[in-house]
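Here's the structure, in structure tokens; my notes come after.
Computation of the quantities below employed the complete heavy-atom set of this structure, encompassing side-chain atoms and omitting hydrogens, waters and symmetry-equivalent molecules. This one's a predicted model, so the numbers in the text were calculated from it and none came from an experiment.
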Amino acid sequence: MIDGKPAANPCNLAGGWVRFDFAKAFGKPVRIVNDAAMQALGSYDGGRMLFLGLGTGLGSAMIAGGSLDPLELAHLPYRQGRTYEEFVGAAGLKRLGLKRWRKHVGRIAMLFDAALQTDYVVIGGGNAKLLGKLPPNCRLGENTNAFMGGYRLWEERPVKASAMARNQRGTKIAKTI
């Protein structure tokens, strides 16, 4: 997103998003975010939060310093010439089976948590309910949080700074994976 408009056409949808004037077409003010950003906004409790959405693919968004930033972590290379999404999206669940899929979700959540230095990670989306035990520093999100995200999107300051103390856990990534 740049200036509230799509910066590029989504890879999983048809083109035409970038130059389309949504406000003109609807005759109303429009704010556009993806589903992961909407759930992130609704799940946010302050501090530095990473949202990971497990569904058909892998959605991601970060909130830090009063800024909501939709991310595209899903398409980064992960292992064996495949992306993160190919391991933790629906296709990865089908290919790997539940036990191995859960293991990759945990590893990936810990990698992103350490790399982005979060206070906490929220794991949501339709397949999050399949996780069982959550990785360290993670909590389960709810799809219904997207409703609160939609409300917060229209607030004057949708993301507010928190009094939450900065997490000082000193992650040692090599030993946790």
Side-chain angles (χ1 to χ4, degrees), residues 1-13 17 20-23 25-75 84-85 88-90 93 101-102 105-106 108-167 169:
M1 302 297 287
I2 298 175
D3 296 326
K5 297 178 183 179
N9 286 311
C11 64
N12 57 345
L13 299 173
W17 294 78
F20 188 77
D21 188 341
F22 292 91
F26 292 118
K28 302 281 181 193
V30 175
R31 294 190 179 167
I32 299 172
V33 297
N34 65 26
D35 56 338
M38 187 83 89
Q39 281 193 55
L41 202 50
S43 302
Y44 184 64
D45 288 329
R48 292 176 56 84
M49 182 200 76
L50 173 65
F51 176 84
L52 298 174
L54 304 173
T56 304
L58 171 64
S60 55
M62 178 93 178
I63 301 178
S67 177
L68 168 64
D69 296 312
L71 303 173
E72 288 294 337
L73 301 174
H75 306 289
Y84 287 103
E85 183 168 85
V88 299
L93 174 58
W101 176 82
R102 285 176 172 168
V105 170
I108 288 168
M110 289 188 321
L111 282 169
F112 289 149
D113 180 33
L116 297 171
Q117 300 179 355
T118 70
D119 290 317
Y120 58 104
V121 177
V122 175
I123 302 177
N127 288 333
K129 64 185 175 285
L130 302 175
L131 283 177
K133 185 179 177 186
L134 292 173
N137 203 42
C138 295
R139 69 177 170 87
L140 195 60
E142 299 281 335
N143 286 345
T144 56
N145 288 348
F147 291 106
M148 178 55 76
Y151 174 79
R152 287 179 173 173
L153 189 61
W154 286 93
E155 290 180 338
E156 189 173 323
R157 286 192 62 210
V159 179
K160 296 181 174 124
S162 168
M164 181 189 302
R166 179 83 184 117
N167 187 340
R169 61 196 154 80

Exercise for review: Give the C-alpha distance, both sets of side-chain angles, the deciding distance and a yes or no for side-chain contact (heavy atoms from CB on, under 4.5 Å) between L41 and M148.
Suggested key: CA-CA 7 Å; L41 202 50; M148 178 55 76; over 6 Å; no
Exercise for review: Drop me the distance from R152's CZ to I63's CD1, to the nearest 0.5 angstrom.
Suggested key: 8.0 Å
Study note, to complete from the structure: Note: L68 and A37 closest approach over all heavy atoms is CD1-O, 4.0 Å
**Study point:** More than 12 heavy atoms from other groups under 6.0 Å of CZ on F147
**Key:** no
**Study point:** Distance-minimising heavy-atom pair for D45 and R139
**Key:** OD2-NH2, 2.9 Å
Point to revise | Separation of I108 CD1 from S60 OG (nearest 0.5 Å) | key: 11.5 Å
Check your understanding: If every non-hydrogen atom of Q39 is compared with every non-hydrogen atom of F51, which pair is closest and at what distance?
Key -> OE1-CZ, 3.4 Å
Exercise for review: Would you sort out whether I32 and W17 count as a side-chain contact (heavy atoms from CB on, under 4.5 Å), showing the intermediate values?
Suggested key: CA-CA 11 Å; I32 299 172; W17 294 78; 5.8 Å; no
Check your understanding: Using 30° and 60° as the class limits, which term best fits the ring planes of Y120 and Y44: parallel, tilted or perpendicular?
Key -> parallel
Check your understanding: In chain order, what residues pass the side chain to side chain donor-acceptor pair (under 3.5 Å) check against S43, with sequence neighbours excluded?
Key -> N145
Point to revise | Value rounded to 0.5 Å, distance of NZ in K129 from CD1 in I123 | key: 14.0 Å
**Study point:** F112 vs L73, side-chain contact (heavy atoms from CB on, under 4.5 Å): CA-CA, chis, key distance, verdict
**Key:** CA-CA 9 Å; F112 289 149; L73 301 174; 3.8 Å; yes
Check your understanding: Looking at CG of L71 and CG of L116, how far apart are the two atoms once the value is rounded to the nearest 0.5 Å?
Key -> 7.0 Å
Review point. Do the non-hydrogen side-chain atoms of D113 and L50 ever get within less than 4.5 Å of each other?
Key: no
**Study point:** Heavy-atom closest contact (L131 atom, W101 atom, distance)
**Key:** CD2-CZ3, 3.8 Å
Practice item. Test side-chain contact (heavy atoms from CB on, under 4.5 Å) on T118 and M62 and set out the steps. Key: CA-CA 9 Å; T118 70; M62 178 93 178; 4.0 Å; yes
Study note, to complete from the structure: Correct closest heavy-atom pair for P70 and N34 would be CB-ND2, 3.9 Å
Exercise for review: Could you tell me whether the side chain of L52 reaches within less than 4.5 Å of the side chain of V88, counting heavy atoms only?
Suggested key: no
Review point. Could you give the distance from CE (M49) to CG (D119), rounded to the nearest 0.5 Å?
Key: 10.5 Å
Practice item. Give me the ring orientation class for F26 and F22: parallel if the planes are under 30° apart, tilted from 30 to 60°, perpendicular past 60°. Key: parallel
Exercise for review: For residues M110 and P135, report the shortest heavy-atom separation together with the two atoms involved.
Suggested key: CG-CB, 4.3 Å
**Study point:** Separation of K133 NZ from C138 SG (nearest 0.5 Å)
**Key:** 11.5 Å
